[in-house]
Amino acid sequence: MIETRRIVSSRKAAFRRPTTGPRILSVGAATPPRKYTQDDVLELFQEKDPKVRSLFTSSHINTRYLYLPDPVDGRMAEETNQELLDKHLNGALEIGPQAIEECLRPLGLAPYDIDFLCCVSTTGFLCPSLTAHLIKKMIFRENVRRVDILGMGCNAGVNGLQAVTAFAAANPGKVALLLCVEICSAAYVSNRSMVTGVVNSLFGDGAAAVAVRQDGGDSWQAGPLVVDFESHIIPDAIMAMRYTLEDTKLSFFLGRDIPYEIGANVEKPVNRLLGRHGLKRKDIEHWVVHSGGAKVIDAVEYNLGLTDHDVRHTIAVLKNYGNLSSGSILFSFRELCREGVVREGDLAVTIAMGPGTTIETALLVW
Amino acid sequence: MYAYETLRVVQDGAVVTAFLDRPDERNAINMRMVNDLSHLIDAVDDAKDVSALVLRGGTDVFTCGIDLHEFAAHEKRNIYGLQKWEHVCRELERLSKFTVAAVQGECTGGGFQLALSCDMRIAERRAVFCFDEVKLGFLPGMATFRLAKYIGFGRAKSIILTGRKVRAEEALSWGILDRVCDQVSFDETLMATVNELLPFHPVALEMARRLLDESYATSYENFLGHFLAAQYRAINSEAFDRLVAKAARQEHQERRADPARGRRTRAK
């Protein structure tokens, strides 16, 4: 059978791809040097409770990269709040620059060439903020513009992308850099409860960076245009994901209804985002979904009609790194780029969900 | 307005019927028909007033299969047309409405696959099904994926590798077909089949079909996660809202009619 045209619906053909706009030019990522299996972590926590153990073994996670202290007599040493804060900063200053370098290297750019720096992190509180520390460590220009996004959780990768995209659109030719760096192991509390068990079995450490620029000279091969964003917040579920205080330490709480709450709402922002461009879900070639956890991924799949194949990168990132919070969509995006299947005109939708409870989406086109 | 060239499409209430309509070519599936089917599926998917799509052919032939005239004779042939065809079968399989294949006469190759992609299949007693592709030197598409799920590995091997013809009665006994009837009662049987599927609850249909589709390929644990996500969606759908409201109304009425009743059932 002769079919020369691409497999596109008439609707998608009617979608007008912008000729210019901010593009994601490159992506880089980094993790701590040490990798742990779920069994390794259970061993370090010396966890005996079968309920907590089954959280680890049924998590659909094989390995995570973590900054964990060396064990004393086979058991992981207790960390003070100061140690956790130091771990966050030191970790961020180790893997953050590695992710930035991997992102900038293929572009032939150095930190000195960056005009806008946005750092996202929820796993440690600092003043001066991470951008200031990174500028000192990596030699950015003294007039680099910057913003730090704190406390927005797993969805913040998209919120950061909104910031760098807005800067790039307003300043054509200038380069904006987004760094998501989460040292989730700096927010671990080990008190043998199911609440901390859920968190400790799920989150991993990692950093990821993307460079965004609007330049009429860049073609689709340079990277996707960031076309649009759509947000959705569920104020009634504000307590579903939050920090609580355990003595002096911040401890993350994840409500059990989150996957269902996300599932019941995820259609709304996606339909609005696609609807205003005359698109439907089946017009989308690629889905870049936050690796929130196995149940959240199931809920997104079943409510958007996506297949395991559609979210293969999301599943792979969960399996190999755990939930990387704000950085995980960028890890999935990197997997997609490395796969080499993207073609001109392909559309992607990014979905990240987190505290608020919120669902953030973005539309990309190559 | 899109004009179908290879399909005759009619709507009767909530049921859209598309007749494969290339009578001079025994309804052979050419690229235009693939594109027409793609448009049809899109349109039916979007139509709020439609509950079911019926696919039919002529009275003597559903289709003789893929139109070989579509392939270039002296050039390197690419895969994209066949890829689009598989894409259309998948869209049909996942359409947000009930789908029924109603087969009369010959149903070969791609036609057989269209039928396997539908929710239900009925045929007239004279209908004959066959995958002749391997006998001819190519492949019966993703029917290689679908057929064994209907009839088991051994029977699927025999049908696909020998290209032998399967009569309607045999297809019925193997579970490929849901109903077989005579020509005189064909329309009536078709209508009964569609009515048996209704009422139409879009969320329940989408979820049930998808879970069934995955049932051969996933572990119990993964499947359970998928099921819970699907069931949560179903019990929060409009249809379930109505069901729960109706049950509450009924209980209220019964208690008004017989005040002791509510207490009795609760005491059980």
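Chain naming here is simple, since letters A, B, ... match the order of the sequence lines and numbering starts at 1 in each. We use all heavy atoms of the structure for the numbers below, so side chains are in, but hydrogens, waters and symmetry mates are not.
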Q) T307(A) versus chain B, heavy atoms under 4.5 Å apart: side chain, backbone, both or neither? A) both
Can you tell me if [X] has over 12 outside heavy atoms packed within less than 6.0 Å of its [atom1]?
X	atom1	answer
R272(A)	CZ	yes
I238(A)	CD1	no
K295(A)	NZ	no
F138(B)	CZ	yes
K149(B)	NZ	yes
K165(B)	NZ	no
E238(B)	CD	no

Once rounded to the nearest 0.5 Å, what's the spacing between atom [atom1] of [X] and atom [atom2] of [Y]?
X	Y	atom1	atom2	value
H60(A)	E221(B)	NE2	CD	8.5 Å
D298(A)	Y232(B)	CG	OH	15.0 Å
Q231(B)	Y302(A)	CD	OH	12.0 Å
D42(B)	K280(A)	CG	NZ	6.5 Å

Heavy-atom contact with chain A under 4.5 Å, split by part of [X]:
X	result
E206(B)	side chain
E75(B)	neither
L68(B)	neither

Q: Carefully, step by step, assess E214(B) and D308(A) under the rule side chain to side chain contact (heavy atoms under 4.5 Å, CB included).
A: CA-CA 10 Å; E214(B) 284 180 9; D308(A) 280 352; 5.7 Å; no
